[in-house]
Each structure stands twice: as C-alpha cells, then as structure tokens.
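Here the structure comes first, spelled out in structure tokens, and everything after it is commentary.
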Number of protein chains: 2
Amino acid sequence: MLIDKILDQIYILPETSKQVLKSHISEVKFPKGHVLFKANKTESSIYFIKKGIVRAYAYSEDNEITFWFGKEGDPIVSMQSYVNTKKGYEDVALLEDCELYELKTDKLQSLFLEDIHIANWGRKFAEFELIKSEERLIALQFNTATDRYIALLKNHPSIIQRVQLKHIASYLGITQVSLSRIRAEIK
Amino acid sequence: MLIDKILDQIYILPETSKQVLKSHISEVKFPKGHVLFKANKTESSIYFIKKGIVRAYAYSEDNEITFWFGKEGDPIVSMQSYVNTKKGYEDVALLEDCELYELKTDKLQSLFLEDIHIANWGRKFAEFELIKSEERLIALQFNTATDRYIALLKNHPSIIQRVQLKHIASYLGITQVSLSRIRAEIK
DNA sequence: GATTTTTTTTATCATTTGTTAAATGGTTTC
DNA sequence: GAAACCATTTAACAAATGATAAAAAAAATC
C-alpha cells in the first residue's frame, strides 16, 4: 500500500504538512526472517508495511507467544519505545520478504511540537491504534478461541493463508493441537 | 485526585492552554449504582475520577462481562464515542458514590484544532491509554487467571477491597467458583 | 440484634483443553 | 524423484476449568 494512502487513512493533512512528514519517510526492504525489532531494546523508528506480513511475539518462560500480525497498510510500532522511549518487550520478525516505509521517532516527535496538523495526525494515529487494541482486548475476553479463529478467517483470511498455524494457535492463546481440533470441527 | 494533577500526569501544558482546557471542565457527582455510559449510545463527554470507583462491562449472550475498573485519577472514556463519534458497546456503572470531572467531547475536539499544546496533550492522552490497553492485552494473553489475580492484588489492592468478587472473576475471565479456588490456594 | 438477602466458599461431576507421541501430509534439496 | 525435513493432524491420557447445587459467611434491612 502506498504511503499517501496510509497517511490519509489516519488523518488528512494539509499539503504542506504532508510534504514535511513525507520528507522524513524512506523506503526500506528486508528479507523473510529478518528481525526488525528486538526485545529489551529501545527502537528508534516506526514503520508502515508497503508489502509483506510480519508478526510480533514475546517470550513467556521458554516458549514464544505471538500477539500481533501486521500486513499491508499496518504500522509496526514498539509502543514502549514510541511513547515512553523505553525498552520494548517484543520481537518483530518478517514472515515474508517485506517493503517498508521507515519514519524516525525523534524526527516525528519534533514535528509534533512544531506543526499542529502533524500533532493531530499523531493523535489520530494513537487513537486508531487504541481502538484496535481495545477491540482485540474485548475479543480476547469475550470470545472463545473458536470464535476468534472464525473471525480471523472471515476478517483477515490472508493471515491464515500466509502464516503458519503454530503462530496462529499461539495468537489465539491455544495449542497447535487445539487449533487442529477446531479446524477439523468447523469444516 | 485533583484535576491539575490528572492533567499534568498526561502532559505538562503551558499555563494559558491549561486554563483554557480547565475552563471546559466541570465537577459532577453521582450516587453508587448510577449508570454513566449506556451501551449503543454515543457519549458526549469524557470524565476523570476525582473520587470513587467504577466499572465498564458489556453483554455476551445474556451474561455481562466486566472488562475495566477505574479509580481515582483514571479517565472514563467510551473510545468508540470519543474517537469515531460512534456508539459504544459498554455500560459504565458507579460502584461507589463518585465525584467526577466532566469534559465535553465536542469542545475538546475543537480545542485540538486551535491549540497545538492541547493537541499534543490529546495525543499523549491517547498514547497512555494505548500503553495501558496493550499491557492489559499482553497480560490477558500471557498470564493465567491466577497470575493476573496476584498482579491485581499487588498493583491495585484497592480494587479487590472495594469491588465484589463476581466482578473481579468476570474481569479475570473465569467463574466466581474458579476465583474462590484461586483465593483458597494462594493463602 | 434477629431476620432476610446477598455474597462467597466448598463439593461433586462433566466438559474442555493441554501434554506427549505417533502418523500423515507437504516442501525443499540434492 | 527419492530423501530429508518441517508442518499439521490424530490419538490417548492427564490436568484444569466450568456447571450446578448446597453450605457458610457477610451485609443489609427492619
């Protein structure tokens, strides 16, 4: 997805502000398997996915748990780094070869203080991420793993087509064996 | 908690901007049991809790599930109303007599477009809510109900002292019977 | 302060999910 | 295209959680 569309979906900026913001965004490419964010590190950039699919995961005891998938148009952000300049708790790894838009956090922070339109763009960016986070939280608390698998199948079929089931099982909070049972049942 | 402290904890505003923002905030009181937000309604205000404790809940089939508790200093927001002017899915009810600070959403929205400092205050407000939402999401996905009960006991003991266990069980995603078993075990 | 009502705990049994291991199916590599 | 490797499904058993009901404890009401 092109950067103009990604930026516009968040908040329509006046043309001058948009050009300023875009002047700080560059394109980067990484191969499948590349680890973009490392846990316990303060990340200095945020990204938007032009092409590809990625996952965020963290470790609990010795097993890793996937808690987010990103695909075309989605932002990749280590929230603790972005909001508090603190170390993040997550790895983000690429599940496919990816093309990304990169934006340095420190540049963005100074733009927030200089340009009211960009400040409001940043506000809407956080607000939309908040809405998404809340929706995931509600889904996790209200729906069974079966419900959430069916919802994923319906709303994000490309995730299920493009991602290994072990990651999806982990994302749903169940074992791979349980996911297999669910898949066998709903057929 | 006083409004100055609540506002400052989010983002330190220049004195003039702070006075403008405060001029739109008023104090209101409601008795225990009052339903502040109603599901399927677009709410026109956000609140900050000066004194008291509240819960947000929604219905799944016929049983209600509590998914948030708020206490002194916390904001009360129907995110769908606040961000998208859409209907919320949650009720918010007061568990004690409460004193609240009220801020009309439409006023705040126009201030965002007029004052860059208030826009950045609004950005930090959303960002901090996002951090809290992510932390809850991670806790829900990574930790067992027992872990989360112990964390609640440690980090928010006043919730457990002041709220009925049926609401806490629902918040933890388990039955009241299971919570009783957990409480019996960790003693 | 005794009675009624509500909240919390305990007990029993059924159901669901996890664990481990083996079998099947699919990809990649030489 | 056979061999090796990885992903997914199936099977059997164990452990954890839910459902229901009853008992105990606590709170509210008169």
Side-chain angles (χ1 to χ4, degrees), chain A residues 31-33 53-55 57 59-67 69 93-97 139-153 156-187, chain B residues 31-34 52-55 57 59-67 69 93-97 139-153 156-187:
Chain A
K32 176 176 174 172
I53 200 161
V54 308
R55 76 184 177 104
Y57 55 96
Y59 289 87
S60 175
E61 271 109 66
D62 56 344
N63 60 328
E64 60 167 58
I65 300 179
T66 296
F67 62 91
F69 295 109
L94 311 194
L95 295 171
E96 300 176 348
D97 293 347
L140 202 55
Q141 192 152 13
F142 282 67
N143 302 324
T144 64
T146 304
D147 295 338
R148 286 183 289 124
Y149 177 74
I150 292 169
L152 196 64
L153 206 56
H156 304 281
S158 64
I159 299 281
I160 289 170
Q161 286 157 17
R162 295 156 76 184
V163 174
Q164 288 182 18
L165 290 180
K166 66 177 174 185
H167 295 144
I168 293 171
S170 156
Y171 176 78
L172 294 171
I174 56 178
T175 60
Q176 196 173 346
V177 173
S178 274
L179 179 54
S180 256
R181 282 197 275 239
I182 289 168
R183 285 162 62 86
E185 219 160 82
I186 66 172
K187 255 175 213 157
Chain B
K32 177 175 174 173
H34 176 73
I53 199 159
V54 308
R55 75 182 177 105
Y57 56 95
Y59 290 86
S60 175
E61 270 110 67
D62 56 345
N63 59 326
E64 61 167 58
I65 300 178
T66 296
F67 62 92
F69 295 109
L94 311 194
L95 296 171
E96 299 175 351
D97 293 347
L140 202 55
Q141 192 153 11
F142 282 66
N143 303 324
T144 63
T146 304
D147 294 340
R148 286 182 289 122
Y149 176 73
I150 292 170
L152 196 64
L153 206 55
H156 304 281
S158 64
I159 300 281
I160 290 171
Q161 287 156 17
R162 295 157 76 184
V163 175
Q164 287 182 20
L165 290 181
K166 67 175 173 185
H167 295 144
I168 293 171
S170 157
Y171 176 77
L172 294 171
I174 56 178
T175 59
Q176 195 174 346
V177 173
S178 275
L179 178 56
S180 256
R181 283 197 275 241
I182 290 168
R183 285 162 61 86
E185 221 161 79
I186 66 173
K187 255 174 211 158

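Residue numbers begin at 1 in each chain, while the letters A, B, ... track the order of the sequences.
Here the P atom of nucleotide dT17(C) and the CZ atom of Arg183(A) are 17 Å apart, to the nearest Å. The nearest whole Å value for the distance from the CD1 atom in Ile160(B) to the C1' atom in dT7(C) is 16 Å. At whole-Å resolution of the value, NZ in Lys32(A) and C1' in dT27(C) are 11 Å apart. Following rounding to the nearest Å, Ile182(A) (CD1) and dT16(C) (P) show an atom-to-atom distance of 12 Å.
Each salt bridge (charged side-chain N to carboxylate O under 4.0 Å, His left out) pair with one or both residues in residues 158-177 of chain B, not counting sequence neighbours, appears once here: Glu72(B)-Arg162(B), Glu96(B)-Arg162(B). Here salt bridge (charged side-chain N to carboxylate O under 4.0 Å, His left out) pairs that include residues 167-178 of chain B, with residues two or more places apart or in two chains, number zero. Pairs passing the salt bridge (charged side-chain N to carboxylate O under 4.0 Å, His left out) check and including a residue from residues 173-182 of chain B, sequence neighbours excluded, do not occur.
Backbone-only contact: Ser178(A) has heavy atoms under 4.0 Å from sugar-phosphate atoms and none from a base. Residue Ala184(A) is classed as a sugar-phosphate contact, given heavy-atom separations below 4.0 Å to backbone atoms only.
In this structure, the helix from dG1(C)-dC30(D) to dC30(C)-dG1(D) shows an angle of 50° between the axis at its start and the axis at its end, each fitted on 5 base pairs and rounded to 10°.
Scanning residues 163-176 of chain A for heavy-atom distances under 4.0 Å to DNA chain D yields Gln164(A), Leu165(A), Lys166(A), Gln176(A).
With sequence neighbours excluded, the residues satisfying side chain to side chain donor-acceptor pair (under 3.5 Å) with Asp147(A) are Thr144(A). Applying the ring-ring contact (aromatic ring centres under 6.0 Å, His included) test to Tyr57(A) and every residue at least two apart in sequence or in another chain returns nothing. By the side-chain contact (heavy atoms from CB on, under 4.5 Å) test, Ser180(B) pairs with no residue at all, sequence neighbours left out. Legend: residues meeting ring-ring contact (aromatic ring centres under 6.0 Å, His included) with His34(B), ordered by chain and number and at least two apart, are Phe30(B). Remark: Arg148(B) engages no residue in a side chain to side chain donor-acceptor pair (under 3.5 Å) (not counting sequence neighbours). Partners of Glu64(A) under the side chain to side chain donor-acceptor pair (under 3.5 Å) rule, at least two apart in sequence or in another chain, are Arg55(A), Tyr59(A).
Taking for each of Leu179(B) and Val177(A) the nucleotide of DNA chain C with the nearest heavy atom, the 5'-most of the two is the partner of Leu179(B).
Under the 3.5 Å distance criterion, the side-chain polar atoms of Gln176(A) are left unmatched by any main-chain donor or acceptor of Leu165(A).
Side-chain contact between Leu94(A) and Lys32(A) is absent, with no heavy-atom pair separated by less than 4.5 Å.
Taking 4.0 Å as the cutoff to heavy atoms of chain A, we find the contact window on DNA chain D bounded by dA7(D) to dA12(D).
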